[in-house]
Visitor: 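Sharing a structure below in structure tokens format, with a few things to ask.
Chain letters run A, B, ... following the sequence lines, proteins first, then strands; residues in each count from 1. All values derive from a computational prediction rather than experimental measurement. Values below: all heavy atoms of this structure, side chains included; hydrogens, waters and symmetry mates excluded.
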Amino acid sequence: MLNVIIGRLAPSRGAVVFDGKVLTGKKPHQINQMGVVRVFQTPEIFPELSVLQNVMAPAFAKRDGAFRINIWRSLESERGIEEEANHILQDVGLYERRSHHAGALSRGDKRRMELAMCLIQHPRLLLLDEPTAGMSRHDTNTTIELLKKIKARGMTKVIIEHDMHVVFSLADKISVLAGGRIIAEGLPRRVRRSEKVQEAYLGGAHRLEEATH
Amino acid sequence: MDLFNLPRRDWITFGLFALVVVTMPIWLTPLGASYPGLLQKFAIFAIFAIGFNILFGLTGYLSFGHAAFLGVGSYTAVWSFKLLTMDALPAIMFAVIVSGLFALVIGYLSLRRTGIYFSILTLAFAQMCYNLAYSVLTPITNGETSLQLTLQDPRVIDSALAARPEGLPSASIFGHVFDGFEGFYFCAALLLIAFFIALKIFSSPFGMMLRAIKSNQTRMNYTGFDTKPYALTAFVISGMYAGLAGALLAVTDPLAGAERMQWTASGEVVLMTILGGVGTLIGPVIGAWLIKYFENIFSAFNEQVLTRFFSFLPPEITEPVVTISSKFVGEGWHLTLGLIFVLVVVFLPGGIMEGVRRIGALFRRTTPPSAPAARPAAPTIQPAE
Amino acid sequence: MTLITKGLSRRSVIKTGLAGIIATGVAPTIFTRGAYAQEFCNAPTGDTVTIGFNMPLTGAYADEGADEDRAYQLAVEHLNGGGDGGMIPTFSSKTLKGNGILGKKVVGVTGDDQTKADAARDSARRMIERDGAVMITGGSSSSVAIAVQGLCQEKGIIFMAALTHSNDTTGKDKRRYGFRHFFNAYQSGIALGPVLGEAYGKDRVAYHLTADYTWGWTQEESIKNATEALGWKTLAPVRTPVGAGDFSQYLTPVLNSGADVLILNHYGFDMVNSLTQAVQFGMRDKQANGKNFEIVVPLVSDLMAKGAGSAMQGIYGTSNWDWQLTDEASKAFTKSFGAKFGQPPSQAAHTSYVQTLLYADACERAGTFYPPEVIKALEGYEFDGLGNGPTLYRAEDHQCFKDVLVVQGKEKPANPFDLLQTVATASRESVTYDPAIFGGELGPDTAVAC
């Protein structure tokens, strides 16, 4: 679903509409420029750049648009953007490692950095694809705390997550998909009580899928 | 002023580089390379390599057809000499513009593909240009025979300003004709300008975007960047650098031949860049100097020179030593260069600059490895995804 | 680094000393070059004189380049009084005494021109600017000769062209500082025409395969004019790149084109390849238009005949010189070349050797190395005893006029070097033409400081 929103895949039918504008058929960078930003399941970062530069790059996209030949000022003299990046790196706990090669970070750190890359763009819609997958319990909790903090700033997020602990700590509204259909939708406590969800989540998913065929 | 806005570190780099370039006639003397003809080539091919590196080193797009822009620059400059004036500045201006336009068209088409397909497209376009210059466009390029000045050239601006001199004129700047070393300093001045612009690009957000394209083009798209114009801009800039180098070849020696555009010439600049260090500022310059040095000096060694060199050895050893080593000099200079290239790529994949860094690191073991971010080592050479 | 330091020339050592002065900030480099008080570029100041030999050691003409290299070694040896003197005793001018040139020992520096204009000029500039060569000679491609000749004009250095056969070298691209001893394509046409007419008749259709540069173009034109004067027809010529290696794609259409003669305007390895491949295609056994299919190679040399082997047998062409000539000069040269290198000299070696001697002699006669005087000594110079009979260096275009040999590949070579036989000689008068037909301008002879 996220791939469809950000323009990586075309929907088989229907259209994606965000804020009254059709996203379907737009190029990925155009969708991003409209304020829809995504964190990938496997971290998509710039391994050869430093952590700081990884976080600064999206800020330029936000400030300068999709393309601008910006060679008059050096990177070092872009103080505003650097400060903002430093600030967000402090938020995600990577400030001390800001001059490291991004490629050398651990997987969890890479994901946190990717989150920072998305946050610096102040997206209107943030898409998170299993932000804690493969993380240790401790890292997961740090990430949850981080996401809660962001939530407090008021930003629409869509999170895809199998880990119910994460989902129920963060979500205001939950949609449960199984076999390509929404089987439950609504406030967390209602979804938690849904039989279909419990069945799907307890391993009955394929049975349900068979039924829908 | 924003134009001269550079970090301190880059100013130091620039200062040292300028010092090295300006003193070339002195420190190259003991190496037997301090004569205007070669010094000019050093400066010119350094410009070519720096420009190539802006594309290959930053964006990772490996162009195998950059010599086409060099050739276009040369032809344009010679035609400017033939038709308008012997002044170098218009020739250089036209050459840079025309090769930039060529780069715009070829780049626009080639950048529709990435990786090896991009390389092959550029190679194909360059071969097309070469063949056009070699046979189809003979009236414009004079084919294999090379385009030269003739006494019958119109040179409308010059003729309007002054009486035609006897014999063939030489390139000049505001009426001042270069002699050998002045020609070198003229090229060196342009090399410094070219290097300064490269420094600006490397240290600018734009340069970082290009590096990010090399690192992860998909991420760039999802981060909200339109990567195509970025890559195309880099392509055009590096094409203009090649055009400038081509124009300077014509300014220092008013002749343009099709062989300048051959694929071997395109391959040479790739070698220069890889040998020196892809993505580093100084590396391609060192690579260019090394290759030109080998081509011009090593190729001129013959057995007499070697015999003189090995004369300190006992006579019975001298002869086999001379025989063996003579295979590596003179016509064998390609062999030596090939060996060095293999050794560098195998043991120093980051090129000579990686060697310099490693030696530097030995001297300051105590300090932690410096931030790799500003000048990435580019440990692997891979076309952009 | 020691390797390089040891290889320093005397001049570089002087320059190193100068560099020391420069380094102290006394004088910027550009002002030091007048220090020799030279009135012209590279005036020999010590007891030696440096000559630059610029020849293809790699590329399609490398065989010719190697033979030129040998000839230059021999010429330097003879000029300095070594060996048996070769053609010096037979040369009609008796100024050369075996004590170098004007009493200065001759030193040669060499460079690889790679048969490329750029590389040739690079190499020539190195010899002029670094090694201090007062004269450049060599080359075995007309495009290289024209490129280097232009450079030498600019630098005020005399260029004694070796192997270059294009009409342009002393035609539209002629230069005051360039001199050519070798004959040209136009003369080949004049010499070859009557022989071809006699051997193959007046009613023929010719197919040209032409090396795609100045030499090929002018040879094609000259042969076309000469054969069309006989009554032959010419099909549209096909141009081939230099160093193509495989000519089969160009040869395939020939047999179905209606032509009955194939004219190969190729040289060096290109000619060896195209001729061998044409013969392998069975062209010489075919019939076309009711006549035997024939191949003509307008410019041949021993080296190419050797490379082509049996394919060369019976093929007509022209040559500047052949080692089997029986005059005293040719015999003397062949003898001393054979003694040193164990093989007879090619025409490339001959012309290179002769050009070096002619330059030395002109300096002796002028009494100076000052180029304008040397040029005057060469212009309009009439000489003999260098293997081609009486020869004139024409003042108007710096082209030598002498007899041209029409040769044929021998059917039964007596030895590995006995490959060509002279079947006719076109007299010097018959191959003399009006210099105006090719246009061009020599330009000034003003000396240039460097």
Visitor: How long is the gap from OG1 on T223(B) to CG on N54(A), to the nearest 0.5 Å?
Guide: 9.0 Å
Visitor: Heavy-atom distance under 4.5 Å between the side chains of R219(B) and F40(A), does that happen here?
Guide: yes
Visitor: When rounded to the nearest 0.5 angstrom, what distance separates NE2 in H29(A) from NZ in K228(B)?
Guide: 10.5 Å
Visitor: Who wins among S74(A), S77(A), P28(A) for the most heavy-atom pairs under 4.5 Å with chain B?
Guide: S74(A)
Visitor: Between R211(B) and F46(A), is a side-chain contact (heavy atoms from CB on, under 4.5 Å) present by the stated rule, with each step listed?
Guide: CA-CA 9 Å; R211(B) 270 196 219 105; F46(A) 307 117; over 6 Å; no
Visitor: Evaluate E44(A) against Y222(B) for side-chain contact (heavy atoms from CB on, under 4.5 Å), listing each step before the verdict.
Guide: CA-CA 9 Å; E44(A) 288 275 355; Y222(B) 291 113; over 6 Å; no
Visitor: Could you check which of T233(B), T227(B), I201(B) has the highest count of heavy-atom pairs closer than 4.5 Å to chain A?
Guide: T233(B)
Visitor: Counting N and O atoms only, with roles assigned by atom type, does the side chain of Y230(B) sit under 3.5 Å from a partner on the main chain of R68(A), one being a donor and the other an acceptor?
Guide: yes
Visitor: Count the heavy atoms belonging to other residues, nucleotides or ligands that lie under 6.0 Å from NE2 of H122(A), then report whether that count exceeds 12.
Guide: yes
Visitor: Just so I understand: if I count every heavy-atom pair under 4.5 Å between each of K27(A), E114(A), M56(A), Q30(A) and chain B, which residue has the most?
Guide: E114(A)
Visitor: Applying side-chain hydrogen bond (donor to acceptor under 3.5 Å, both in side chains), name anything that partners R112(B), two or more places apart in sequence or on another chain.
Guide: none
Visitor: Tell me if the CZ atom of R107(A) is crowded by more than 12 foreign heavy atoms within 6.0 Å.
Guide: yes
Visitor: So, applying side chain to side chain contact (heavy atoms under 4.5 Å, CB included) with S204(B), which one of L75(A), N70(A), I71(A) is it?
Guide: I71(A)
Visitor: Can you tell which part of M34(A) gets under 4.5 Å to a heavy atom of chain B, answering side chain, backbone, both or neither?
Guide: neither
Visitor: Is M208(B) in contact with chain A via its backbone, its side chain, both, or neither, using a 4.5 Å heavy-atom distance?
Guide: both
Visitor: Could you look at I45(A) and say if it's the side chain, the backbone, both or neither that has a heavy atom under 4.5 Å from chain B?
Guide: backbone
Visitor: Kindly give the heavy-atom pair with the smallest separation between E76(A) and S203(B), and that separation in Å.
Guide: OE1-O, 4.4 Å
